[in-house]
Protein chains: 2
Amino acid sequence: MERTKEQLMDLMMKRMKEQIKNKKYKMTSQRQVVLRAFVESDSRHLSADDVFEIVKKQAPEIGLATVYRTLDLFTEMDLLKKLDFDDGCSRYELNDHDEEGHYHHHLICLGCGKVWECKDDLLETLETILQKQFHFQTVDHQLKVYGYCEDCQKKRAAEAAKEAEEAAETTVQ
Amino acid sequence: MERTKEQLMDLMMKRMKEQIKNKKYKMTSQRQVVLRAFVESDSRHLSADDVFEIVKKQAPEIGLATVYRTLDLFTEMDLLKKLDFDDGCSRYELNDHDEEGHYHHHLICLGCGKVWECKDDLLETLETILQKQFHFQTVDHQLKVYGYCEDCQKKRAAEAAKEAEEAAETTVQ
DNA sequence: ATGAATGCAAATTCTTTGCATGGCT
DNA sequence: AGCCATGCAAAGAATTTGCATTCAT
């Protein structure tokens, strides 16, 4: 069950390399260093600037813009998850989805802003459980559900069909 | 069950006036106009700039800064709820919590960005229900829970006690 | 009359972009 | 070689702040 940081780094690197092969991306030292920042860091939720500060130690010449671009890319690659804790900047966490579909939730303290995590084995009477397990006094919650509405599902299906068709033509040629 | 816009406006105005009495706030025409923007608007989730554009028609001299300050104030007063749909700005909605504790959730389409609302009668197998009721294909969700951690609960309790004490002293004098 | 609220403009903060240069593949 | 990725600086966008003035109480 336990996994060392090296093993995690290897796993994430493997996942990055898979995607780099498929798509037209390149492996760069900057990208490795950014990924490592997340694996090594003790704090789970890093902002672009947090990452920048960490990464400058290993690669002093790196630019903040590169960090932003890398975070975007990793999010698109599903290596990271973009989060928002209402603290004025986007934060990111490693997306190591070991158990499929097991999200975790974020408890944000209105007093000190600290963020706690809780597994989602339980979407039962949420607040009762938060109270019991975390002694967290819930004031409010906001659930955001991301996905595709009916229209966009159709659009995407149509696009996928068209792409498949084009791919087939290319192969024939 | 149905409520006209005038009734809603009256209700919200009443709630504002209550708070203005208690605290040291003042009733201004700008604040009324901003509140009205939310009551009258057909779109439920307004950004600061949306509000600014609406409100300029009624009060052309108003400043964007005032809109921001008013939105903050209303949020603090619990008249509005601050939302975040990942579209680069904060949005606000009327907080008319008729049925206590009945939140609603936001479905954000990854394709077109449209936002849907669903009542929270049901925090059962979420995705199944979203699929059935909204034909919404869930890809991911993010639940944010706001409240107070154990430490802050203690701090707040202590502060409340101190304030009560001071108030008592003042009364005695 | 007093202090809170406003409008305006400048300042901040986070993030993105343009472009010349460097570095994977 | 080709072209993606980088660094830097400038641009953008959302939000906040300072300050003189206005306005509610």
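The structure displayed is predicted, hence computed values, not measured ones. Order of the sequence lines fixes the chain letters, A, B, ..., with proteins taken first and strands second; residue numbering starts at 1 for each chain. Computation of the quantities below employed the complete heavy-atom set of this structure, encompassing side-chain atoms and omitting hydrogens, waters and symmetry-equivalent molecules.
- Mapping M27(B) and S29(A) onto DNA chain D by nearest heavy atom places S29(A) closer to the 5' end of the strand.
- Ion pair R15(B)/D78(B) not flagged as a salt bridge, since none of the NZ, NE, NH1 or NH2 atoms sits closer than 4.0 Å to an Asp/Glu carboxylate oxygen.
- Across the protein-nucleic acid pair, D87(B) atom CG and dA14(D) atom P stand 9 Å apart, rounded to whole Å.
- Checking dG23(C), dG7(C), dA4(C) against the side-chain heavy atoms of K26(A) singles out dG23(C) as nearest.
- Here dT6(D) presents its P atom at 17 Å from NZ of K56(A), a figure rounded to the nearest Å.
- Other residues, nucleotides and ligands place no more than 12 heavy atoms under 6.0 Å from the NZ atom of K23(B).
- Computed from coordinates, the E76(B) CD to dT16(D) P distance equals 13 Å when rounded to whole Å.
- The closest side-chain donor-acceptor pair between T75(A) and D72(A), if any, does not fall under 3.5 angstrom.
- Counting to the nearest Å, the P atom of dT15(D) and the CG atom of L46(B) are 13 Å from each other.
- Checking dG7(C), dA4(C), dT25(C) against every side-chain atom of E61(B), the shortest atom distance belongs to dG7(C).
- Atom-to-atom, CE of M16(B) to P of dA5(C) comes out at 12 Å; the value is rounded to the nearest Å.
- Judged as a side chain to side chain contact (heavy atoms under 4.5 Å, CB included), and not counting sequence neighbours, the contacts of E93(B) are R44(B), H45(B), K81(B), L83(B), H104(B), H106(B), E117(B).
- Using a 4.0 Å cut-off, no side-chain N or O of Q30(A) falls inside it from OP1 or OP2 of dG23(C).
- Taking the side chain as every heavy atom from C-beta outward, L79(B) and F38(B) never approach each other to under 4.5 Å.
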Considering only nitrogen or oxygen atoms on both sides, find all protein atoms under 3.5 Å from nucleotides 15-17 of chain C and state each distance.
from: dT15(C); atom 1: OP1; to: S90(A); atom 2: N; distance (Å): 2.9
from: dT15(C); atom 1: OP1; to: S90(A); atom 2: OG; distance (Å): 3.3
from: dT15(C); atom 1: OP2; to: Y68(A); atom 2: OH; distance (Å): 2.5
from: dT15(C); atom 1: O5'; to: Y68(A); atom 2: OH; distance (Å): 3.3

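- Contact annotation: T28(B) does not reach the phosphate of dC23(D) (side-chain N/O to OP1 or OP2, under 4.0 Å).
- Side chains of Q7(B) and L11(B) form no contact here, defined as non-hydrogen atoms less than 4.5 Å apart.
- With salt bridges taken as basic N to acidic carboxylate O contacts below 4.0 Å, none links D49(A) and R91(A).
- Partner of Y148(A) under the side chain to side chain donor-acceptor pair (under 3.5 Å) criterion, out of K154(A), Q153(A), R156(A), K155(A): R156(A) alone.
- Within the 4.5 Å cutoff, the side chain of V33(A) has no heavy atoms near those of the I62(A) side chain.
- Taken over five-pair windows at either terminus, the axes of the helix from dA1(C)-dT25(D) to dT25(C)-dA1(D) are inclined to one another by 40° (rounded to 10 degrees).
- Considering only side-chain N and O atoms, R31(B) lies under 4.0 angstrom from the phosphate OP1 or OP2 of dT6(C).
- We find that CD1 of I62(A) is positioned 13 Å from P of dG23(C), with the value rounded to whole Å.
- Summarising the geometry, the separation between CG on L73(B) and P on dT16(D) is reported as 13 Å, rounded to the nearest angstrom.
- D84(A) has its CG atom 12 Å from the P atom of dT15(D), to the nearest Å.
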